Amino acid sequence: MAPPPQAVVPQFPTIPTPSQFPGTAIPAMFPNMLPMGVGQFNPLVIQPQAMTQQATRHARRVYVGGLPPTANEQSVAIYFNQVMAAIGGNTAGPGDAVLNVYINHDKKFAFVEMRSVEEASNAMALDGILFEGAPVKVRRPTDYNPSLAAALGPSQPSSNLNLAAVGLTPGSAGGLEGPDRIFVGGLPYYFTEAQVRELLESFGPLRGFDLVKDRETGNSKGYAFCVYQDLNVTDIACAALNGIKMGDKTLTVRRANQGAAQPRPEQESILLQAQQQVQLQKLVYQVGALPTKVVCLTQVVTADELKDDEEYDDIMEDMRLEAGKYGNLVKVVIPRPDPSGQPVAGVGKVFLEYADVEGATKAKTAMHGRKFGGNPVVAVFYPENKFASEEYDG
């Protein structure tokens, strides 16, 4: 029977319109119950970003081991953002490459999450880079799946990275790649490339060598990397050089990618000879023989030759021409005798000031032992502070 006319038919809830749903529309479940066609509103579109980030996370994270105790999430993120930008590794567009950092302070490692798979692969080229003075390992995490990662983006660093901008050298340039690469830290800043090489080559010829320098000033940063032609001497060199004092510095020498291994018993005799060689080499660099920008030449001129003005001018001009061959010559000082007969400090010596230590070193090497007027020249480095104070009696 039909309901009586006065009966009230219950009202079902009004189905909300698409504009009333928060965010996106609900799924098109039970479309026949909806008073509109499928084309009248969009079904729920599940945003792919969250799923994509989770699926690619294993390929976007890098493991960073060997961190110093002072490292924290912020310092690691800032550092890797800077070095990634410096090498041209930011391929996902402007902005920072690092999304997140997790640090295990007890075990001194971190997981650095990059925003793209390609940028994570570029970060692999940073293995061995110095963070707060310590070389760190940059590796793939244990959950990295190479087969899945191959479909997500490049699995190798770009060949166009400017690794030299952060003091690294790729394997194709200088042979400084692989497990036998040696880190040499604690070098005095005034050591030239030639002096560092001479010290390292006490153990044998080098296949690759790189003294890291500041990009703006060109000065040494106090550390270098090298690889020996004979890989068997790697551990010998590390054991012999590590802990050696050079002036006010102490050398830290070890494999760049791992702790230094102990030399095998059959290497002990070679190690002993090498340590003796290092001690001899060390004597060359003791205080008093440390390189400076000033070179002092003795047994070059006599007091009598300096008395005549014309002869003095000729000697001065000859010195400028000769000394200028080895670097940027700033100043030449040749003290002259006093006409009154009063003693003058430095008479018989020639002082050459260069713009940098490298020029002074070249001049000292080239001029020491050469003959002027039949006498062998003695060339030594001279303290810069004494030269600046016009103290020529050293």
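Because the structure is predicted, anything quoted here is derived from the model rather than measured.
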Does Glu305 use its side chain to pair, donor to acceptor, with the backbone of Tyr312 at less than 3.5 Å? no

Rounded to the nearest 0.5 Å, what's the gap from OG1 on Thr250 to CD1 on Ile244? Could you check? 9.5 Å

Give a yes or no answer on whether the side chain of Ser389 reaches the backbone of Glu391 with a donor-acceptor pair at less than 3.5 Å. no

Phe387/Tyr382 aromatic ring centres below 6.0 Å: no

Do Leu306 and Val332 share a hydrophobic cluster, counting only Ile, Leu, Val, Met, Phe, Trp and Tyr and linking them when any side-chain heavy atoms are less than 4.5 Å apart? yes

Verify the cluster assignment for Val101 and Met114: are they in a single hydrophobic cluster under the rule of side-chain heavy atoms below 4.5 Å apart? yes

Are Asp309 and Arg336 close enough for a salt bridge, meaning some N to O gap below 4.0 Å? yes

Following the transitive rule for hydrophobic clusters with a side-chain heavy-atom cut-off under 4.5 Å over Ile, Leu, Val, Met, Phe, Trp and Tyr, establish whether Val184 and Leu211 coincide in one cluster. yes

Do Leu251 and Leu187 have side chains that approach each other closer than 4.5 Å (heavy atoms only, starting at C-beta)? yes

Any salt bridge linking Arg57 with Asp143? Criterion: basic side-chain nitrogen under 4.0 Å from a carboxylate oxygen. no

Quick check: is Val377 connected to Ile315 through a chain of hydrophobic side chains (ILVMFWY, heavy atoms under 4.5 Å apart)? yes

Short question: side chain of Asn81, backbone of Ala77 - any donor-acceptor pair under 3.5 Å? yes

Side chains of Leu352 and Val294: closer than 4.5 Å at any heavy-atom pair? no

I'd like to know if the side chain of Asn122 and the backbone of Gly89 have a donor-acceptor N/O pair within less than 3.5 Å. yes

Can you tell whether the side chains of Arg197 and Glu193 come within less than 4.0 Å, N to carboxylate O? no

Flag the pair Leu199 / Leu241 as yes when at least one side-chain heavy-atom distance between them is below 4.5 Å, and no otherwise. yes

Just say parallel, tilted or perpendicular for the rings of Phe111 and Tyr102, cut-offs at 30° and 60°. parallel

Please lay out, stage by stage, how Lys213 and Ser220 fare under the test side chain to side chain donor-acceptor pair (under 3.5 Å). CA-CA 4 Å; Lys213 298 180 180 179; Ser220 167; over 6 Å; no

Does Val357 offer a backbone N or O that forms a donor-acceptor pair with the side chain of Thr361 under 3.5 Å? yes

Examine distances only and state if a side-chain atom of Tyr392 and a backbone atom of Ile334 form a donor-acceptor pair shorter than 3.5 Å. no

May I ask you to test the Lys307-Pro337 pair for a side-chain heavy-atom distance under 4.5 Å? yes

So, are Arg60 and Glu113 salt-bridged, with charged N and O less than 4.0 Å apart? yes

Is the ring pair Phe183/Tyr223 parallel, tilted or perpendicular, if the boundaries are 30 and 60 degrees? tilted

Can a donor-acceptor pair be found, under 3.5 Å and without considering hydrogens, that links the side chain of Asp96 to the backbone of Val98? no

Under a 3.5 Å distance rule, please check whether Tyr354 uses its side chain to pair with a backbone N or O of Ala323 as donor and acceptor. yes

Rounded distance (nearest 0.5 Å) linking atom CD of Glu317 with atom CD of Glu322: 12.5 Å

Evaluate Arg140 against Ser121 for side chain to side chain donor-acceptor pair (under 3.5 Å), listing each step before the verdict. CA-CA 9 Å; Arg140 296 288 190 182; Ser121 295; 3.0 Å; yes

Keeping the roles fixed (side chain from Glu132, backbone from Pro68), state whether a donor-acceptor pair exists under 3.5 Å. no

Using 4.0 Å as the upper bound for N to carboxylate O, is an ion pair formed by Asp235 and Arg255? yes

I'd like to know if the side chain of His58 reaches the main chain of Asn145, judged simply by a donor and an acceptor atom lying under 3.5 Å from each other, with no hydrogens or angles considered. yes

Are Lys293 and Asp356 within salt-bridge range, i.e. N to O under 4.0 Å? no

